[in-house]
Undergrad: 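Can you read through this structure? Questions will come right after.
A quick note: this is a predicted structure, and the numbers were derived from the prediction, not measured.
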Amino acid sequence: MEIAWNSHALEVAHSVLGWTAFVVWSCSFYPQVFLNFFRKSVVGLNFNYLLLNNTKHTLYLIYNTSLYFSPAVRFQYNQKYGFDQMIPVAANDVAFSTHAVLLTAVLLFQVAIYERGSQSFSKVTTGFITAVWITVAICSFIAFPSKSWLWLISIFNTMQVIMAVIKYVPQAVMNFMRRSTDGFSIGNVLFDFCGGLANYSQMVTQSIDQNSWVNFSGNIGKVLLSLVSMFFDLLFMCQHYVLYPSKKGASIPSSKHKTVTEPLILSPDQPAAANVPVAESV
């Protein structure tokens, strides 16, 4: 049963804010894609961030599509939070998640084909991602007999929030170690911040209209996703504009100067220092 809006103005605002979040969040992927394409290089972009981001968005996509499209999941949500409560996932959430999975896959493909310097995926990250999917399989096996679908996707939602926190750390640390944000698109950060703000505002309009904050507790993943992304975006802005502003004439080496043969995943006998992403001089 669809819950009616009390205010048409707030209903329109909710829709506008939601699709605004979709547009700006979706646009946030393209500056980095284009930057990689024109440079024919991914030096300066942290690969662990990309791998974590792709996995995080895949889990978020499963959560959004299940809660939005599945009558069984929606019924279980209403059983838990009340049949007078709106489902906290909108069409724009599903659209964004789908687009995000596709674009993060494109970025990972660019890692495979463009110059990457000495950087590779760390064993810690690949091990963590493996553990995530093993956890997904175990939870699915537990949920299947009792058909506890809401519990299952809520686990996925919690995991994607944890990964949202973790995924930014490698890039932030990499910028700190290099004392530079060259190779990491600030356009991505600016779009991401605007998307997080619009996404959070969308949830506020629904709560005001329904005179209830259940949609925040019912979809804590969406709330924390907005807040976490805005926090790290502010950190990246500080790094880019205040701590490590770009120097005129500075450039990242191109593939014309160096052919890269390092593997994407380190073998056990390689030193850990080989995984420190530093742009080499020519």
Side-chain angles (χ1 to χ4, degrees), residues 28-58 100-133 163-189 192 229 232-233 235-240 243-247 250-282:
S28 71
F29 293 96
Y30 289 96
Q32 189 67 58
V33 171
F34 291 142
L35 180 65
N36 297 343
F37 174 77
F38 289 120
R39 293 168 59 231
K40 296 296 185 290
S41 170
V42 289
V43 173
L45 178 62
N46 191 279
F47 302 168
N48 298 317
Y49 164 79
L50 294 181
L51 191 58
L52 290 166
N53 206 21
N54 178 261
T55 305
K56 169 246 180 285
H57 283 301
T58 301
V101 171
L102 293 174
L103 264 291
T104 50
V106 169
L107 285 165
L108 286 170
F109 178 70
Q110 289 184 320
V111 167
I113 63 174
Y114 291 150
E115 179 194 1
R116 58 181 181 271
S118 61
Q119 189 185 176
S120 58
F121 295 112
S122 75
K123 290 184 291 183
V124 172
T125 299
T126 52
F128 179 77
I129 296 299
T130 302
V132 165
W133 288 113
M163 296 189 71
V165 176
I166 295 173
K167 73 172 187 176
Y168 290 107
V169 175
Q171 186 67 57
V173 172
M174 180 175 171
N175 294 344
F176 172 76
M177 297 295 291
R178 297 171 65 234
R179 297 291 189 274
S180 170
T181 59
D182 288 343
F184 180 60
S185 174
I186 193 62
N188 163 39
V189 173
D192 192 50
S229 64
F232 277 97
D233 289 335
L235 173 62
F236 288 136
M237 288 181 211
C238 181
Q239 286 184 323
H240 183 81
L243 299 177
Y244 320 122
S246 251
K247 297 178 182 179
S251 62
I252 300 293
S254 70
S255 55
K256 294 180 182 179
H257 302 286
K258 179 180 175 63
T259 301
V260 178
T261 58
E262 288 86 345
L264 280 175
I265 300 178
L266 290 177
S267 62
D269 56 342
Q270 284 181 286
N275 196 39
V276 176
V278 180
E280 300 181 13
S281 59
V282 295

Undergrad: Does the side chain of Val106 come within less than 4.5 Å of Phe37's, by heavy atoms?
TA: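 Result no, sub-4.5 Å side-chain heavy-atom pair not found.
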Undergrad: Run the side-chain contact (heavy atoms from CB on, under 4.5 Å) test against Phe128 and tell me which residues pass, sequence neighbours left out.
TA: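 Leu52, Val132, Met163, Ile166.
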Undergrad: Starting at OG1 of Thr126, measure out to CZ of Phe47 and round the result to the nearest 0.5 Å.
TA: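 These two atoms lie 14.0 Å from each other.
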Undergrad: Parallel, tilted or perpendicular: which fits the ring planes of Phe184 and Tyr49, with parallel below 30° and perpendicular above 60°?
TA: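 Because their plane-to-plane angle is over 60°, the rings of Phe184 and Tyr49 count as perpendicular.
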Undergrad: For the CZ atom of Phe176 and the CG atom of Leu235, what is their distance to the nearest 0.5 Å?
TA: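 With rounding to 0.5 Å, CZ (Phe176) is 11.5 Å from CG (Leu235).
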Undergrad: How about Thr104 and Asn54: does a side-chain donor come under 3.5 Å of a side-chain acceptor?
TA: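 Side chains of Thr104 and Asn54: pair found under 3.5 Å.
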Undergrad: Looking at CG of Leu50 and CZ of Phe109, how far apart are the two atoms once the value is rounded to the nearest 0.5 Å?
TA: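 Answer rounded to 0.5 Å: 14.0 Å.
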Undergrad: If the condition is side-chain hydrogen bond (donor to acceptor under 3.5 Å, both in side chains), which residues does Thr181 pass it with, not counting sequence neighbours?
TA: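 For Thr181 the side-chain hydrogen bond (donor to acceptor under 3.5 Å, both in side chains) partners, ignoring immediate neighbours, are His240.
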Undergrad: If I take atom CD from residue Gln119 and atom CG from residue Leu45, how far apart are they, to the nearest 0.5 angstrom?
TA: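 The CD atom of Gln119 sits 7.5 Å away from the CG atom of Leu45.
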Undergrad: Taking C-beta and beyond as the side chain, do His57 and Lys167 meet within less than 4.5 Å on heavy atoms?
TA: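 Sidechains of Lys167 and His57: in contact.
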Undergrad: If you round to the nearest 0.5 Å, how far is CD of Gln239 from CG of Asn175?
TA: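 Going from the CG atom of Asn175 to the CD atom of Gln239 covers 4.5 Å.
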Undergrad: Apply side-chain contact (heavy atoms from CB on, under 4.5 Å) to Leu35 and list each qualifying residue two or more places apart in sequence or on a separate chain.
TA: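 Once residues adjacent in sequence are excluded, the partners of Leu35 under the side-chain contact (heavy atoms from CB on, under 4.5 Å) criterion are Gln32, Arg39, Ser185.
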Undergrad: Regarding Lys123 and the six-membered ring of Phe121, is the cationic atom NZ or CZ under 6.0 Å from the ring centre and inside 45° of its axis?
TA: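 Lys123 over Phe121 ring: no.
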